[in-house]
Structures are given as C-alpha cells and as structure tokens.
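Note that these values count all heavy atoms, side chains included, but never hydrogens, waters or copies made by symmetry.
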Amino acid sequence: MRKTFLEYVAEDLLKKYGTDLSRITLVFPNKRASLFLNEHLARMADGPLWSPVYTTISQLFRDRSERVVADNIKLVCDLYRIYVQCTGTTETLDHFYGWGMLMLSDFDDIDKNLADATDVFRNLSNIHELDDVSYLSEEQREVLKRFFSNFSDDYNTELKNRFLQLWQNFGNIYNSFNDHLQEEGLAYEGALYREVVNNDLATYDADTYIFVGFNMLQKVEQKLFTLLAKAGKAKFYWDFDRYYMEGANNEAGYYIRQYLEAFPNELFNRDDEIYNNFRTEKVLRFISASTETIQGRFVGHWLQNEDFVRAGRKTAVVLCDENLLQTVVHSLPSEVENVNITTGFPLAQSPVSSFVNALINLQTIGYTKSAERYRLQYVRAVLRHPYSLFLSDNCTEQLRTLEEHHTYYPSRQEMAVDEGLTLIFANLEEGVADVQTYHAKLVDWILSMLKTVGKRTQETDDHLMKEAIYRMYTLFNRLHELIVSGDLSVDLITLLRLITQLVQSTSIPFHGEPAIGLQVMGVLETRNIDFDNVLLLSCNEGNMPKGVNDASFIPYAIRKAHSLTTIDHKVAIYSYYFHRLLQRAQNITILYNSATEDGHTGEMSRFMLQMLVESGHKIERLSLQAGQMPNVLQPHAVEKTDSIMQQLMKLDKLSPTAINRYLRCQLLFFYNTVAGLKESDEETDDIDNRTFGNIFHKGSQLIYEQLMDANFTVSENAIKDFLADKSALQRIVDRTFNEELFKVANANQHPQYNGLQLINRGVIISYLKKLLQMDLSLTPFRILAMEKPVEQEVVFNVDCKTHTLTIGGYVDRLDEVEEGNGKVIRVVDYKTGRKPQTAVAAFEDIFSGDKVTKNHADYYLQTFLYAAIVRDSLKWNKQKLPVSPALLFIQQASAEENDPVLRVGKERINDIAVYHNDFWAHLKALLSEIFDKEHAFMPTKDRERCTRCPYRQVCYQ
C-alpha cells in the first residue's frame with residue numbers, strides 16, 4: 001500500500017531520533033496534520049514513545065512575543081481612529097470596515113515580507129524620488145518606473161489626485177497604527193512576526209525544530225528558518241512531486257526548487273516513489289455540471305461506491321466553493337456512519353442570527369420612543385421565533401391576545417406578563433445618559449437573551465444550535481468589551497451595520513474526530529494530508545485558484561518591486577494545493593460548473609486544463625445530467641363530489657367579489673369560498689392597497705356624514721367651508737388611520753406615523769380633497785347611503801330545481817343628483833388605483849373570464865349588480881328613479897371631467913334598466929353553472945394569473 005507523506009515523515013523521525021522525541025518540536029502550517037502524524041508515530045513506534053511538541057508556525061511566533069495578536073474587530077476600530085486622524089475623513093466605521101480589513105491585509109503583507117513601509121508608500125507624485133533605489137534590482141527598478149510614469153504631470157486626473165491624496169497618508173497611518181498597538185501591547189500577525197525575527201534575544205529552547213509540509217514561505221518565515229538552520233536547530237520535510245516541481249509551466253515548482261536549495265529535505269535520499277506519485281496510474285474523471293446544487297447532490301451518487309465509504313478517512317470530498325456545504329451534508333447517504341467536516345457553517349444562516357435580528361429590530365425601528373410603545377409587526381417577529389419559547393411559554397398566547405384586540409402598538413406594561421417577556425421588552429433607555437451607554441446596554445441586553453437561551457438548550461442534542469448560540473454570544477461579548485472600553489464609539493446605524501458585517505463573516509466550526517470517517521473539507525484543510533479517493537467540487541476558474549483578483553491598496557507594480565505577495569504567489573500556492581492533493585490519490589473525480597450565469601464563467605480551472613495537456617493521464621470527460629425530467633406541475637380540475645356539493649349548498653350568500661373570483665379562476669373560487677381557505681390577512685401597520693382603500697373609504701364616509709344636513713343634502717357652502725378649514729381634513733384622516741390601521745378607538749389620539757405612513761397620509765388627504773372639489777360641481781345633491789349593505793335574493797335553477805341565494809355587498813356611496821332630464825341615483829364605487837386603459841366593449845364582457853382582469857370588467861359586475869338591486873328596491877328607490885352605475889377613479893379624476901358613470905362601448909348607462917333583463921339572466925346562468933354538479937371547478941387558462949395567486953402552492957401540487 002502506498003504510504004502517505006506523513007507516514008514517510010513518521011518513519012524517518014523514528015529512524016533518526018528513536019522513540020524519545022521529547023526535545024523535538026514539530027512545526028506545521030496548521031493543526032490538523034499533527035493529529036495524523038501523532039497517530040502514525042504511535043502506530044509505528046516499537047515500544048513506549050515520548051511524543052514531540054506539536055505546534056503551528058503561527059503559535060511558534062506568538063510564543064516568542066509579549067505582545068498579543070488582537071482580534072479583527074479591535075484592530076479595525078483602532079485603525080479607523082488612526083485613519084480619521086491622519087486623513088480628516090468623515091467616513092463612517094461600517095463603510096470603512098471593508099477598507100480597514102484590506103488595509104490590515106496590506107500592512108500584514110508588508111511586515112511578513114520584511115519590506116520597508118516608507119519605501120513602499122513612497123510619494124508617487126514625485127518621480128525623482130526614484131533616483132535613489134539602489135536597494136532594488138534592475139528588474140524591480142524598471143517595473144517601478146513604468147508604474148510611476150503614470151503619475152507625471154501629463155496625467156493630472158481627478159482619479160490620480162484622489163489616489164495620491166490617499167496614498168500620501170498610508171505611511172503615517174502605518175506608523176501611527178503600529179505605535180498605538182505597541183503602546184497597548186497588541187499587534188496584528190505580521191507586525192508580531194516581524195518583531196520576533198528581528199529580536200536577537202528571542203529564545204528557541206527545543207533541541208530541534210522540524211518544519212513539516214510547508215510550501216510558499218514569506219520572508220519572515222524564511223528568515224526564521226535560516227536563523228534556526230544556521231544554529232543547527234532546524235530540519236525540513238518538504239512534500240512535493242517532480243511533476244510540478246520540475247514542470248516549466250507550474251508556478252509552484254519555481255518556489256519549491258528555491259526552498260530545497262536553502263533548506264534541504266530530510267527525505268531527499270529516500271526512494272523516488274515519494275516524489276513521482278502524480279504520474280502513477282490513476283482513475284481520473286472530469287465532470288461538467290449545469291448548476292452548483294447538482295454538484296453537491298452528486299456526492300450521494302459518488303459515495304454509492306462501497307469502497308469509498310469503507311475507506312473512511314482515506315476518502316475526501318473537497319469543496320472549492322464552501323457555499324456547497326449545506327447541499328453536500330444533506331446529500332450524504334445513510335451508509336456514511338462517520339463524517340468529519342472541517343469547513344464552517346455560516347453563522348448568518350443559523351436561526352440564532354434571525355433571532356438576534358428580530359430582537360435588535362424590536363428595540364430600534366420597532367420601538368416608538370414618543371409613545372413608548374412597540375410596533376406589532378416587530379413584536380410578532382420576536383414572539384413567533386422558536387427561540388423565544390426558551391424565554392417564555394406565554395409568547396403564543398400573548399401574541400394571540402394582541403391580535404384579537406387589534407393592539408398595534410403594545411406598551412411594555414402590556415407585554416411584561418412574566419419574567420421572560422419582561423426581559424424581552426426591557427426598557428433599555430432607563431438611566432441612559434449618552435449614546436455609548438445605550439449601545440452598551442443594547443448589546444448587553446442581547447447577551448442576556450443569548451445566555452438565557454443557551455442555558456435552556458444545553459439538554460438538547462442539536463449541537464449546531466448550541467455552537468451557533470455560543471459563537472453569537474462570543475461575538476457580542478467582544479463588541480460589548482470594545483464599546484465599554486471606548487474603542488468602539490459610533491452611532492447606532494453604524495453599529496447595526498457593523499454587527500451585520502461581523503455576523504456575515506463568522507462561521508460555526510463543526511466538532512468531530514478528525515482521524516475517523518469521511519472527510520468533508522475546504523481546500524486549505526487538505527494541506528499535508530493524503531487521500532486515496534478524492535471528489536473535488538466546483539473546481540472552476542475563480543474558485544481554483546481562489547481570490548486572484550489581488551484586492552489591495554498597493555498596486556501590482558509596487559508589490560512586484562518590493563517582493564510583496566502578488567497574484568503570481570497566490571496562483572502558485574493554489575497550484576501546490578491542487579497538485580499535492582491529487583499526487584497520491586488513486587480515484588479522482590473533479591466537477592466544475594459549466595453554466596455561464598449567476599456570476600459563474602463556466603470555465604474549468606486552469607490546473608485542470610494543464611492536466612489535460614501535459615499530465616499524460618487518460619482523463620474521462622463526462623457531463624452531469626439530471627436523473628429524471630423535471631416534473632412540470634399543472635393545476636387540475638376539482639370534481640364536485642358529494643362532500644363538495646354539501647359545502648357548496650351550505651352557501652346562503654355570495655358577494656360580487658366571490659363571483660368575480662369564479663370568473664377569474666374557478667379553482668380560486670373553490671379554495672377561497674367553498675373550501676374556506678382564506679387568504680393571509682395578517683394585521684400589520686404597513687399600508688397595502690387594500691388598507692389604503694379602506695382608509696380612503698372611511699375618510700370619505702366621515703366627511704360626508706359631517707357635511708350632510710337633516711335632509712341628507714350636501715350644499716356648496718358646506719364643502720367650501722370644510723375645505724377652508726385646513727385642519728378639518730387632517731383630523732378626519734388621523735381618525736381613520738387610528739380606526740382602520742392602528743385599531744385605536746380614541747378619536748382624539750394623534751397617530752404615531754412612520755415615514756411610509758406619513759407619505760400615505762398625505763396622498764389620502766390629497767385624494768379626499770380632490771373628491772370634495774369634484775363634488776362641488778354636483779351640489780346640491782343628496783347622499784342616500786354610504787358603506788351600507790345592498791342585497792337581494794336571487795332564484796335560479798340547480799339540477800331542475802330552484803335554489804335561492806342572497807347576492808350583495810356593501811356599496812361605497814348612493815347619491816341622488818340632478819342631471820339634464822331630472823334626478824338620477826348613482827351607485828358610486830370609489831377606486832384609488834389606476835383607471836383601466838380600455839373600457840368594456842360589450843355587455844357580455846362583464847361575465848367573461850377572459851375580460852375580467854384585462855380591463856377590470858370585475859369592477860363593472862359589482863357596480864352593475866348594486867345598480868340593478870337599487871333600481872328595483874323600495875328601500876333605496878321609492879320614486880323609481882333612473883339608476884346609473886359609476887366608478888370614480890380618484891387618482892385620474894378631475895373636476896373638468898367629472899363623469900364617473902359607466903359606459904358599454906361608447907354608450908353611457910343613464911339607467912341600468914336598459915340592461916336589467918340581460919344582467920339578471922346572465923347572473924342566474926352563471927350561478928346555475930357554479931352549483932351544477934356536473935360542471936367541475938376548472939383552472940384558468942391564463943397561467944399568468946397563477947403567478948400572482950395566493951393559492952398557487954395548493955393548486956400546483
């Protein structure tokens with residue numbers, strides 16, 4: 001059986017040093033490899049073993065400095081203050097955060113490559129500063145001159161000036177930032193590394209430091225290696241293959257050859273099989289896939305090979321795009337009993353993230369300070385969250401009470417019915433003197449929530465949930481420390497944006513036994529570990545190599561000239577990872593996304609192309625297709641069974657809205673009216689079209705109730721006097737908002753509007769004012785009814801029998817006006833939406849399902865129905881006056897064109913009696929069809945309507 005690299009290392013260590021390795025320190029690029037090497041040593045040792053000390057290169061540096069590497073939040077906050085001092089900028093911290101991370105990366109790179117920051121941040125505006133660059137090679141000087149020529153006076157552009165202005169401050173920012181961190185005993189990693197390798201007093205107590213499996217070395221690492229090698233304390237184990245070490249087109253080979261010359265390999269004299277693995281016989285497959293998801297789901301198919309499953313840790317699924325993790329985990333077959341996941345789960349996708357968001361929204365945008373009340377929609381988001389049940393058992397009952405009583409703005413007193421709800425609705429402003437204290441209290445409040453939830457979830461088996469809560473708690477605890485110490489001093493908006501960025505950049509680690517079971521990992525975690533079976537997912541250009549856009553404040557030319565990390569280095573690193581991962585594997589399957597959408601280029605990785613051209617392996621090319629054709633869901637007719645007919649016959653009343661539902665789609669009518677599946681009508685203080693219309697209707701009713709005299713007449717003077725009082729209309733609208741939206745009975749209470757509500761309030765005031773101005777031309781007129789029920793019993797045939805049904809609804813307004821030929825009753829239906837561009841061309845269109853939505857024929861049916869009922873009603877029309885159906889579109893109406901009376905074609909309907917017989921005949925025929933057992937409820941032929949239908953999910957199953 002072929003040995004792994006770490007097995008070779010273990011074998012060689014035991015051969016050279018025996019079983020007493022206690023005075024040896026083994027240094028790795030990361031921690032994982034040490035676990036595997038320790039197991040190999042224990043297995044191969046002949047007798048008891050004194051284990052070596054295991055450490056990482058990062059820890060080796062950190063142990064030799066009194067300074068502490070600060071976390072990124074602290075570093076960016078401190079860097080932001082230095083940045084503001086040096087530049088005088090007014091940029092907010094949340095906007096700076098991304099730049100700050102980029103700046104930290106640049107500073108880190110400068111220090112890890114031992115570059116002189118003063119030389120790097122040279123003033124680009126003066127090319128003569130290049131006169132003394134004797135420390136650079138000729139090639140480096142040429143690169144710089146080409147770059148600096150762009151900054152001569154001939155290129156005096158705004159972009160150049162802004163770049164120069166920023167660039168000229170970088171040196172000061174770098175030095176001031178490092179001085180500040182030095183005073184606090186802190187550092188970023190590069191600064192600490194640089195300090196250690198330049199410290200002649202640093203001690204290295206182990207007899208021998210053995211560096212295992214390194215690849216690309218930065219200057220600080222090279223200097224440390226050299227220092228220890230000269231002292232006779234360093235040995236090196238390099239893992240490489242002659243294929244990529246000697247390949248002319250392989251970026252990694254150049255660096256490997258350099259390192260071997262400076263730091264000889266302890267295994268160099270061993271059998272050549274160690275270094276010629278890549279060209280040994282392999283089963284190689286390249287598979288193109290049309291989506292990322294289908295790649296993740298392919299894992300289950302790939303693992304149907306029992307040998308791969310039995311191989312356990314010798315089998316690896318490697319994710320070039322770690323966003324595939326969820327799909328991969330859910331695709332693992334039941335045969336996989338043990339799995340070790342090394343890549344993290346995004347904290348932002350966990351339930352605790354939505355819980356924290358709901359809590360923050362509750363106490364910020366969900367709380368009205370002036371009224372000392374919460375907005376129901378934000379209360380609802382918290383009380384409906386499953387984590388709230390860990391705080392209080394009364395969440396569901398309390399929410400039900402609020403909604404039953406239409407309490408849109410509950411107070412703290414109303415919510416604090418137990419200890420848990422008291423904690424949720426805590427008063428964060430009590431005793432708060434300044435913004436920073438409030439921020440500290442807000443974050444501390446979140447911490448108390450997370451702590452309580454965390455304690456009550458300890459008994460559960462959901463380890464991911466517990467780890468997510470812990471990670472979120474840790475993050476907010478650090479924020480609290482920074483706020484209290486004064487390191488994080490920002491406004492609330494910036495703090496909330498910063499929290500969002502931090503949560504989105506945090507991952508939840510999976511815990512498991514690394515040496516057991518299938519390995520699911522990212523590319524970086526594969527370092528130094530060998531596998532027999534490898535499935536590499538999403539191996540696209542852009543993922544492998546990853547992040548080669550070289551985002552930096554330091555241009556490429558300057559990076560190149562000062563030997564900083566460039567794109568070339570990054571590509572070489574990933575080239576090494578790619579080839580090293582595959583060099584000892586026997587079964588290799590590599591997938592890539594061939595689609596050119598959603599940001600994907602559809603290109604396989606350059607390393608795959610290189611293998612196709614020069615590896616010499618026979619590579620099978622396949623395409624991943626779905627195993628079955630997609631099932632196109634279609635709505636199906638619902639036959640009128642006996643049980644459905646029983647429900648149908650129970651209907652004793654139909655509204656014109658229900659009839660219009662039937663005309664739009666018979667299935668819509670069935671689910672809503674017969675089956676009783678009502679559309680979501682969740683109460684909210686947001687204003688949708690229906691709520692807007694309700695407020696307008698209620699406002700017009702209240703106005704005309706005030707304007708009518710004892711004879712229900714509205715006079716010209718009454719309207720003019722009302723319009724003259726500017727506050728009168730506002731008082732009416734405020735009252736309607738209280739009643740219709742906020743469900744507040746007190747007519748004198750002034751509503752607490754948010755921004756959108758205030759805008760809608762202004763629009764409704766303008767609409768009502770327009771309505772009054774139009775009605776001036778009608779005065780004097782009488783109002784017979786507003787928001788009153790208009791109904792009539794209709795007798796029609798069902799299965800050769802007669803059936804009686806009440807048809808009707810609420811009419812917006814019945815008025816009696818003077819026209820040329822005398823008095824006319826108008827049935828007026830207010831519409832706050834847009835007027836249809838085309839009118840109803842023929843009477844039959846009113847009952848046509850095809851026409852009902854295209855030109856709003858449903859409006860006609862409702863108004864025709866009310867007009868037909870009123871025409872024959874002794875209650876509303878004792879004088880047998882003509883009755884005209886009218887639709888008043890407030891948005892488009894004007895006083896000059898104030899004729900809302902409906903037309904069929906070009907004919908104005910002066911009296912509904914013209915269509916009386918035809919209307920009732922059509923309506924009765926329609927009702928007979930609805931109740932006909934042999935006529936199934938059919939779906940609409942217009943599938944466009946289905947996209948907006950609330951019953952789509954039910955209908956398309």
Side-chain angles (χ1 to χ4, degrees), residues 243-244 277-311 314-333 335-336 518-523 526 530-546 574-575 577-631:
Y243 167 71
Y244 64 82
N277 291 287
F278 199 85
R279 292 192 183 277
T280 58
E281 186 176 346
K282 302 176 186 294
V283 176
L284 261 169
R285 292 190 299 173
F286 287 0
I287 303 179
S288 65
S290 57
T291 67
E292 294 292 289
T293 303
I294 201 172
Q295 294 185 61
R297 298 184 67 178
F298 176 75
V299 173
H301 174 78
W302 186 72
L303 288 172
Q304 287 179 359
N305 187 321
E306 295 182 359
D307 291 337
F308 293 174
V309 176
R310 282 196 296 266
K314 292 289 188 179
T315 299
V317 176
V318 182
L319 314 180
C320 297
D321 179 0
E322 295 184 5
N323 291 320
L324 283 175
L325 177 63
Q326 291 188 67
T327 307
V328 168
V329 170
H330 286 97
S331 300
L332 296 177
E335 292 81 4
V336 179
L518 172 72
Q519 305 289 302
V520 178
M521 52 181 49
V523 175
T526 66
D530 295 306
F531 306 97
D532 292 339
N533 316 299
V534 173
L535 176 64
L536 195 58
L537 300 179
S538 200
C539 191
N540 281 75
E541 189 68 17
N543 290 336
M544 176 64 76
K546 183 181 283 293
Y574 273 90
S575 174
Y577 293 157
F578 178 84
H579 291 95
R580 207 220 65 80
L581 171 64
L582 305 184
Q583 67 184 20
R584 295 183 182 89
Q586 298 303 300
N587 298 286
I588 301 168
T589 301
I590 304 178
L591 277 73
Y592 68 98
N593 190 340
S594 58
T596 55
E597 59 184 11
D598 296 331
H600 295 283
T601 61
E603 295 179 73
M604 66 172 65
S605 167
R606 66 185 72 179
F607 306 141
M608 295 173 67
L609 288 171
Q610 184 178 351
M611 287 180 64
L612 286 170
V613 172
E614 63 181 41
S615 70
H617 286 294
K618 179 182 178 182
I619 300 175
E620 186 179 8
R621 300 287 301 276
L622 301 171
S623 178
L624 190 61
Q625 302 293 335
Q628 57 185 17
M629 294 298 293
N631 185 17

Residue list, side chain to side chain donor-acceptor pair (under 3.5 Å) with Q326, at least two apart or on another chain: Q349
Do K314 and D530 meet the salt-bridge criterion of a basic N to acidic O distance under 4.0 Å? no
Between T589 and R285, a side-chain donor and acceptor under 3.5 Å: yes
Taking side chain to side chain donor-acceptor pair (under 3.5 Å) as the test, write out the residues that go with N587, two or more places apart. N533
ring-ring contact (aromatic ring centres under 6.0 Å, His included) partners of F578, counting only residues at least two apart: F607
With sequence neighbours excluded, tell me which residues meet salt bridge (Lys or Arg N to Asp or Glu O under 4.0 Å) with R621. none
Nearest 0.5 Å, please: how far is CG in N277 from CD in Q586? 8.5 Å
Any donor and acceptor pair, going by atom type alone, linking the side chain of S538 with main-chain N or O of Y592 inside 3.5 Å? no
Counting N and O atoms only, with roles assigned by atom type, does the side chain of N540 sit under 3.5 Å from a partner on the main chain of G542, one being a donor and the other an acceptor? no
Counterpart residues, ring-ring contact (aromatic ring centres under 6.0 Å, His included), relative to H330 (two or more places apart): none
Indicate yes or no: at least one non-hydrogen side-chain atom of F308 is less than 4.5 angstrom from one of E335. no
In chain order, what residues pass the salt bridge (Lys or Arg N to Asp or Glu O under 4.0 Å) check against E281, with sequence neighbours excluded? none
